[in-house]
Protein chains: 2
Amino acid sequence: MPMHKHTHNEIETLRGAGLKVTDARVAVLSQFIKKPIPLSALEIQQALAPSGSDVVTVYRTLSSFEEAGILRKVDLRREAVYYELASHHHHHIVCTDCGLVEDIEDCDVEILSKKVVSGSKKFSAIKDHALEFFGLCRSCVKR
Amino acid sequence: MPMHKHTHNEIETLRGAGLKVTDARVAVLSQFIKKPIPLSALEIQQALAPSGSDVVTVYRTLSSFEEAGILRKVDLRREAVYYELASHHHHHIVCTDCGLVEDIEDCDVEILSKKVVSGSKKFSAIKDHALEFFGLCRSCVKR
DNA sequence: CTTTATTTGCATATGGGTTGCATTTAGAGT
DNA sequence: ACTCTAAATGCAACCCATATGCAAATAAAG
């Protein structure tokens with residue numbers, strides 16, 4: 001018995017990526033659209049619980065989304081792996097103490113990326129890059 | 001019965017960081033000095049086996065080294081956490097297929113780093129940053 | 001409506017990393 | 001050198017994120 005709350009936005013994205021449109025996938029994708037912040041598999045599963053799908057399904061969904069180019073990994077130096085919408089490409093400052101994440105909007109590493117490829121012997125193309133800054137946020141600095 | 005192969009280089013580094021000079025620490029540190037590439041806890045332990053110390057000790061050593069500023073984390077998008085000598089600061093291109101790592105020598109993110117801080121509301125200082133590029137190496141592209 | 005390849009769920013396994021506690025040891029003081 | 005104590009180590013057991021095998025469910029094509 002499928003639910004039918006599929007929005008056009010999500011269905012189109014999935015179809016465009018050549019992925020079957022399933023409730024689980026739509027649900028996971030909506031989480032990222034609703035909250036444009038880095039999310040982990042566990043966080044997504046908890047947000048969708050108790051009606052949501054199994055954790056394993058969430059993991060598999062995230063993998064297929066990454067492979068399809070819908071999501072990209074973000075290294076927040078936490079225990080788990082975080083993902084973010086690939087369309088919403090930007091970088092972060094992360095507090096190594098409390099985990100606070102702040103976005104950095106303008107940051108053209110693209111230019112750098114090209115320079116890097118032309119200077120490389122072993123690589124001919126870059127698919128993705130990660131640029132994150134780490135420090136203590138103002139609250140944590142006080143302590 | 002301690003061994004006495006401690007080199008000056010390693011002892012000085014440990015003393016300078018305010019850490020006790022132990023066989024385990026010297027052994028771990030030498031691995032990084034010998035091989036200036038990113039290393040994981042397991043890799044280090046295997047390289048030192050069977051005479052080396054327990055894996056737990058390696059984990060604790062790596063943590064204390066990072067806190068002391070001797071090592072820095074590197075995100076290679078593998079299962080395990082990798083470390084590298086903080087003094088040997090540079091970035092990488094990583095093959096997402098076979099794991100090949102190539103160094104990028106010149107890459108001044110320092111300037112960028114300052115710009116980022118001055119533009120931030122929640123952070124007043126950056127301690128570290130990570131910039132890594134991901135793609136397929138020439139060998140993996142062929143397949 | 002049927003068919004089939006894909007996806008999902010459940011149980012179970014894996015593997016990196018951590019923790020508690022007893023034992024050892026580096027390094028400071030004598 | 002000898003003693004002392006806080007810090008470091010080893011071992012065993014544990015935790016948690018993530019993966020896998022397989023049978024049941026289901027999306028999408030015919």
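Each chain gets a letter, A, B and so on, in the order its sequence line appears, and its residues count up from 1.
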With a 3.5 Å cut-off and heavy atoms only, can you find an N or O donor on one side and an acceptor on the other between the side chain of Arg60(B) and the base of dG10(D)?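 A donor-acceptor contact between them is present.
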Check the distance between [N]'s [atom2] and [X]'s [atom1] and give it to me in whole angstrom.
{"X": "Lys73(B)", "N": "dG17(C)", "atom1": "NZ", "atom2": "C1'", "answer": "11 Å"}
{"X": "Leu39(B)", "N": "dG17(C)", "atom1": "CG", "atom2": "P", "answer": "13 Å"}
{"X": "Glu66(A)", "N": "dA19(D)", "atom1": "CD", "atom2": "P", "answer": "11 Å"}
{"X": "Tyr59(B)", "N": "dC15(D)", "atom1": "OH", "atom2": "P", "answer": "18 Å"}
{"X": "Glu79(A)", "N": "dT18(D)", "atom1": "CD", "atom2": "P", "answer": "9 Å"}
{"X": "Gln45(A)", "N": "dT8(C)", "atom1": "CD", "atom2": "C1'", "answer": "13 Å"}
{"X": "Phe65(B)", "N": "dA8(D)", "atom1": "CZ", "atom2": "C1'", "answer": "12 Å"}
{"X": "Arg78(A)", "N": "dG16(C)", "atom1": "CZ", "atom2": "C1'", "answer": "19 Å"}

Would you indicate what Val81(A) reaches in the nucleic acid, counting non-hydrogen atoms under 4.0 angstrom: base, sugar-phosphate, or nothing?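 Sugar-phosphate contact only.
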Given that Leu19(B) and Val56(B) both sit by DNA chain D, which one's nearest nucleotide is further toward the 5' end?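 With Leu19(B) and Val56(B) compared, the 5'-side residue is Leu19(B).
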Please compare Lys20(B) and Ser53(B) by the position of their nearest nucleotide in DNA chain D and report the one closer to 5'.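 Its nearest nucleotide being more 5', the pick is Lys20(B).
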Pick the nucleotide of DNA chain C nearest each of Val55(B) and Ala24(A); which residue has the one closer to the 5' end?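 Mapping each residue to its closest nucleotide by heavy atoms, the 5'-most match is Ala24(A).
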Any idea which of dG27(C), dG9(C), dT7(C) is nearest the Arg15(B) side chain?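 Of the candidates, dG27(C) comes closest.
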Between Asp128(A) and Arg77(B), does at least one N-O distance fall below 4.0 Å, as a salt bridge requires?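 Here Asp128(A) pairs with Arg77(B) in a salt bridge, since their nearest N and O are under 4.0 Å apart.
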Ring centres under 6.0 Å, that's the criterion: do His129(A) and His89(A) meet it?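 Yes.
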Validate the cation-pi geometry between Arg72(B) and Tyr83(B): distance from NZ or CZ to the six-membered ring centre under 6.0 Å, angle to the ring axis within 45°.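 So Arg72(B) doesn't make the cation-pi contact.
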I need the full list of ring pair (Phe, Tyr, Trp, His ring centres under 6.0 Å) pairs touching residues 34-78 of chain B, with sequence neighbours left out, sorted by first then second residue.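 Checked against ring pair (Phe, Tyr, Trp, His ring centres under 6.0 Å) - neighbours excluded - no pair reaches residues 34-78 of chain B.
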Exam field: side chain Ser120(B) to backbone Val116(B), donor-acceptor pair closer than 3.5 Å: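 Side chain of Ser120(B) to backbone of Val116(B), a donor-acceptor pair under 3.5 Å: no, none is there.
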Under-4.0 Å side-chain N/O to phosphate OP1/OP2 contact, Thr22(B) with dT9(D):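 True: Thr22(B) side-chain N/O within range (under 4.0 Å) of dT9(D) OP1/OP2.
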